[in-house]
Chemist: 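Have a look at the structure that comes next, please.
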Amino acid sequence: MEDIANRFTENPLLSPKDLPASREGLEVTCLLNPGVFRYQNKTWLVVRVAERPKQKENTISFPILTRTGAITIIEIPTDDPDLITTDARVINYKGNDYLTTLSHLRLLCSENGRDFYEPENYPPLVGEGILETFGIEDCRVALIEGTYYLTFTSVSDNGVGVGLRTTTDWKNFKKYGMILPAHNKDCAIFEEKINGLFYALHRPSSVDIGGNYIWIASSPDAVHWGNHHCIIKTRKGFWDSKRVGAGAAPIKTEKGWLEIYHGANENHQYCLGAFLMDLQDPTKVLARTEEPIMVPTTNYELSGFFGNVVFTNGHIIEPEGDTVTIYYGASDEFVCGAQFSIKRILQLLKEI
Ligand code: MAN
């Protein structure tokens, strides 16, 4: 497998110990999967901060939000026969699924793209209402005609769907609630309208017929989505055999819209690959990489909260035009950076 990512030597850029918890009684367990954007000449991350109480022996405890925004801690003895804890990320208790951590989104910025700090007076984004009681996660940021569109995963006992908020100043947000209902996530809006319409990649999941595939939709207003097409499926026997999902907003190139996406196999190894969509009609996929372009390799990618994972949903294009700097979650615990040559990715694509 070829890995063409140039990882930052400073990795990991951010670890859980680098940020304070949002409130007393919780600790930061994971920092992961940042959305990325440029604002006021700085690089900004919308980092997913996953928290839970300090774990005590013989119990598992995790926070959830109430519908008014207060936090309740649920505590379950680990020997309870109704408790299933085979995945570090989720538990099942008495037949109901919960997340082991509660995520909110925090803004960090940097002058050099490597040293990030929390600026003053930029409040965190937190889950609100009954569709976000298990938190909000994995934000994508698209800048379209001067407005930043934030699409993120909204999680609650109702399911996992896509939420939308917009802003122009990162202090005041317009909230549109859930724009794609459960089960859906990994929604990345294109940063340009095509033939007058917004376009977005998204990832519904089907329990029975179908699977975890990437779809594309269009919309007159970025809120109401239709004309859905399934464009990228999992591939049996490949590195992306079990699930695929979009990364950040597609990159406009001469050859088409280039999307860096994640794929996982049966062993929950998450790698990155790429595909290319037609410039005029992005429902047409022109080409796709066969091998991953990035594979979990380093210590911080192989072991952590949920090891063997590289996952990206944010990048910037460097001014020279060929380098894409991705920020990515490693092992669902650390935030890291890496660079790719766009030309090199395009060379690796195989026509479909
Ligand atoms: C999966 C993983 C988790 C995430 C939940 C809900 O289990 O991606 O990290 O918290 O889905 O989105």
Side-chain angles (χ1 to χ4, degrees), residues 16 26 28-35 46-52 60 62-65 74 84-93 96-106 125-128 130-140 150-164 178-188 201-207 211-214 234 240 242-248 261-272 296 301 303-314 328-336:
L26 296 184
V28 176
T29 314
C30 318
L31 294 181
L32 63 163
N33 309 355
V46 197
V47 178
R48 171 177 168 195
V49 181
E51 299 176 308
R52 65 178 172 195
I60 182 163
F62 56 90
I64 60 172
L65 291 166
I74 299 183
I84 305 171
T85 56
T86 43
D87 187 319
R89 304 168 299 179
V90 286
I91 64 159
N92 185 281
Y93 184 56
N96 298 314
D97 289 322
Y98 298 92
L99 295 180
T100 52
T101 58
L102 174 66
S103 293
H104 66 274
L105 305 173
R106 229 182 275 185
L125 287 91
V126 295
E128 290 178 14
I130 55 168
L131 298 182
E132 297 177 351
T133 51
F134 293 179
I136 54 176
E137 308 174 344
D138 303 352
C139 185
R140 275 83 174 165
L150 284 70
T151 46
F152 48 85
T153 308
S154 297
V155 194
S156 73
D157 57 358
N158 300 293
V160 177
V162 177
L164 172 71
M178 192 170 274
I179 54 165
L180 294 167
H183 190 119
N184 205 318
K185 50 164 59 175
D186 300 329
C187 177
L201 301 170
H202 64 103
R203 212 288 299 280
S205 300
S206 173
V207 194
N212 299 298
Y213 306 149
I214 299 176
T234 48
D240 52 2
K242 188 72 184 161
R243 54 186 68 240
V244 287
Y261 73 100
H262 66 264
N265 62 19
E266 274 74 15
N267 301 322
H268 302 293
Q269 180 195 42
Y270 282 70
C271 300
L272 303 182
E301 294 163 358
S303 57
F305 185 74
F306 193 77
N308 223 1
V309 171
V310 291
F311 185 105
T312 188
N313 49 286
Y328 67 98
S331 287
D332 273 5
E333 183 168 338
F334 310 103
V335 174
C336 298

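Just so you know, ligand 1 is whichever comes first in the structure, and atom 1 is the first atom listed for that ligand. All figures in this text were calculated on a predicted structure; none of them were measured in a lab.
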Chemist: Using 30° and 60° as the class boundaries, would you call the ring planes of Phe62 and Tyr98 parallel, tilted or perpendicular?
Modeler: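 Answer is tilted, since the angle falls between 30° and 60°.
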Chemist: I'd like to know if the side chain of Asn313 and the backbone of Asn33 have a donor-acceptor N/O pair within less than 3.5 Å.
Modeler: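 Side chain of Asn313 to backbone of Asn33, a donor-acceptor pair under 3.5 Å: yes, one is there.
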Chemist: Search all heavy atoms of Asn212 against all heavy atoms of Arg203 and return the closest pair with its distance.
Modeler: C-CD, 3.6 Å
Chemist: What part of Leu99, side chain, backbone, both or neither, has a heavy atom within less than 4.0 angstrom of ligand 1?
Modeler: side chain
Chemist: With distance as the sole test, does Arg48 use its side chain to make a donor-acceptor pair with the main-chain N or O of Cys139 at under 3.5 Å?
Modeler: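 Checked: no pair found.
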Chemist: Going by distance only, is there an N or O of Thr153 that falls short of 3.5 Å from an N or O of ligand 1?
Modeler: no
Chemist: Who's closest to atom 2 (C) of ligand 1 heavy-atom-wise, of Arg243, Arg89, His268, His183?
Modeler: Arg89
Chemist: Near Lys185, which atoms of ligand 1 are under 4.0 Å from a heavy atom of that residue?
Modeler: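 In order of numbering, the contacting atoms are 1 (C), 5 (C), 6 (C), 8 (O), 11 (O), 12 (O).
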Chemist: Give me the nearest non-hydrogen protein atom to atom 9 (O) of ligand 1 as residue plus atom name, then the distance to 0.1 Å.
Modeler: Arg48 NH2, 3.4 Å
Chemist: Looking only at protein heavy atoms, which one is nearest to atom 12 (O) of ligand 1, and what is the separation?
Modeler: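 Its nearest protein heavy-atom neighbour is Glu137 OE1, 2.7 Å.
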Chemist: Short question: side chain of Asn267, backbone of Gln269 - any donor-acceptor pair under 3.5 Å?
Modeler: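 Checking the backbone N and O of Gln269 against the side chain of Asn267, no donor-acceptor pair under 3.5 Å is found.
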Chemist: Which residue and atom name correspond to the protein heavy atom nearest atom 7 (O) of ligand 1, and how close is it?
Modeler: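 Protein heavy atom at minimum distance: Val90 CG1, 3.9 Å.
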Chemist: Quick one, Ile136 and Leu125 - any side-chain contact, counting heavy atoms below 4.5 Å?
Modeler: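 SC-SC contact between Ile136 and Leu125 confirmed.
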